[in-house]
There are 2 protein chains.
Amino acid sequence: MSAITVLLVDDHLVVRSGLRALLGTQPDITVVAEAASGEEALVQVREHSPAVVVMDLAMGAGMDGIEAIRRIRGLNQRQAILVFTTYDSDADIVRAVDAGAMGYLLKDAAPEEIFAAIRGAVQGKSVMSPPVASRLFQQLRNPDEILTPREAELLSLLTEGLSNRELGQRLFISEATVKTHLAHIYAKLGVETRAAAIATAIRREGMR
Amino acid sequence: MSAITVLLVDDHLVVRSGLRALLGTQPDITVVAEAASGEEALVQVREHSPAVVVMDLAMGAGMDGIEAIRRIRGLNQRQAILVFTTYDSDADIVRAVDAGAMGYLLKDAAPEEIFAAIRGAVQGKSVMSPPVASRLFQQLRNPDEILTPREAELLSLLTEGLSNRELGQRLFISEATVKTHLAHIYAKLGVETRAAAIATAIRREGMR
DNA sequence: AGCCGTATCAGCCAAATGGCTGAGAGACCA
DNA sequence: TGGTCTCTCAGCCATTTGGCTGATACGGCT
């Protein structure tokens, strides 16, 4: 049987080298190309039609990982896309799965876990690092905590330090409506002040 | 002449593999050991006395990078320590240099930059990625923007979403004093609200 | 047709926050 | 000794924020 072809996408050269070295130990897996950006990833997918794309979500400039996933899916070549990233951000996980990722691994995953994920991905299995899976599970278990699109939009602006008045102007709604949304957001996040909301939002949104 | 001995410290296996692969291409550089944590790094330093320690600041559990640097320096074996990390956080840079790091490289640095930093480090030269250097420069140029220790302490608690009252209780000072500190912090950060202060603080403090 | 979720807005009131001025104590440095 | 920095505290007042209750409108689901 022929080896599984893999494309590595990460803006850090060392990470690509490391993955290449790791995957090189597996006879049934072959890295056929690397890309340092979303744009480059698209080119390489067209060029090599790899079976699996292993991709970091955080890419320096230009297209971000989510957008890249979406575009690759748009090529209709049915690659399995594995997200391989440093942070287990709630939002990123949901967005990545939404965009069409087959699995979500953290960078501190054990080599065996990575191999298994790649092998599983070509068979259509979806793989998650345990901590990632538990987060998703929690979100499903607790639908009350899911923000509506409008609330998420507001929260995102909130983390830029805007006042209620500014939020209203930015979103073309009254201050009263802003306050209503905020109250709902606080309840869902389990906080009581705007400061705490910003803190948890920024921390959840992908950093740490 | 004998090769420069290097210890790699990073909690991500792929990063260690990548660095090892990269450094392996240089005949005058030899990776003698790896460590996945600060604790392990100390053991390996004792064991191998490497000339250079290349270390990530962000380490999962246990001792963080800064603490590890401090401890290694405490061994009095005069290793040159190079910080090699993903984020160019103001606070981290200052603390790392303060703890005794010889250089500060970002993970997207070019291989030549990394090699040069290692070679420079053993000769006592200090090396910085250009973006890192420019940040440090800016801090030196603009001393008005440096927070006092107390202010920094307060800001750090602020990013946890505490109210003025809670801040006062936590620091054993009156609410009035809290407000004074906050006013100074806002002025130095160039913001006008607590929300904006939290936003800029968290973003500056190490993520992005 | 009725229900639920989402988004919009209003008014009221208590609490928190921010801007201002002023001031005392201790540390450090020239 | 005098100047500067840091940390501490006070009072006053305008603005902002948060909690509450209630209301309208639209869309989708049953």
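To find a chain, count down the sequence lines: A is the first, B the second, and so on, and within it residues start at 1.
Between the P atom of dT6(C) and the CD1 atom of Ile173(A) lies a distance of 16 Å, rounded to the nearest Å. Leu182(B) places its CG atom 9 Å from the P atom of dT17(C), with the value rounded to the nearest Å. Atoms CD (Glu151(A)) and C1' (dT8(C)) sit 13 Å apart, rounded to a whole Å. We find that CD of Glu192(A) is positioned 10 Å from P of dC20(D), with the value rounded to whole Å. The interatomic distance linking Leu155(A) (CG) with dA7(C) (P) rounds to 13 Å, in whole Å. Atom C1' of nucleotide dA7(C) and atom CD1 of Ile185(A) are separated by 12 Å, given to the nearest angstrom. Atom CD in Glu175(A) sits roughly 16 Å away from atom P in dC12(C) (whole-Å rounding). With rounding to whole Å, Glu153(B) atom CD is found 12 Å from dC7(D) atom C1'.
When distances are taken from the side chain of Ala176(B) to each of dA10(C), dA10(D), dA7(C), the shortest belongs to dA10(D). Minimum atom distance to the side chain of Thr193(B) is reached by dG18(C), of the listed dG18(C), dC9(C), dT8(C). In this structure, of dA10(C), dC12(C), dT8(D), it is dC12(C) that holds the atom nearest to the side chain of Lys179(A). Nearest to the side chain of Arg150(B), among dG18(D), dT8(D), dC9(C), sits dT8(D). Residue His181(B) has its side chain nearest to dT8(D) when only dT8(D), dA7(C), dC9(D) are considered.
Neither OP1 nor OP2 of dA15(C) sits under 4.0 Å from any side-chain N or O of Arg165(B). For Thr177(B) and dT8(D), the shortest distance from a side-chain N or O to OP1 or OP2 is not below 4.0 Å. Not one side-chain nitrogen or oxygen of Asn164(A) sits closer than 4.0 Å to the OP1 or OP2 atom of dT16(D). Of the side-chain N and O atoms in Arg194(B), one or more sit less than 4.0 angstrom from OP1 or OP2 of dT17(C).
Between Lys107(B) and Asp11(A) no salt bridge is recorded (no basic side-chain N to carboxylate O distance below 4.0 Å). Comment: Lys179(B) does not engage Glu175(B) in a salt bridge, judged by the lack of any side-chain N to carboxylate O separation of less than 4.0 angstrom. Note on Glu166(A) versus Arg170(A): no salt bridge recorded, every NZ/NE/NH1/NH2 to OD/OE distance being 4.0 Å or above.
Under the 3.5 Å distance criterion, the side-chain polar atoms of Ser17(A) are matched with a main-chain donor or acceptor of Leu13(A).
Between Leu19(A) and Phe84(A), some side-chain heavy-atom pair lies under the 4.5 Å cut-off.
Side-chain N/O atoms of Thr180(A) and base N/O atoms of dC9(C) include a donor-acceptor pair closer than 3.5 Å.
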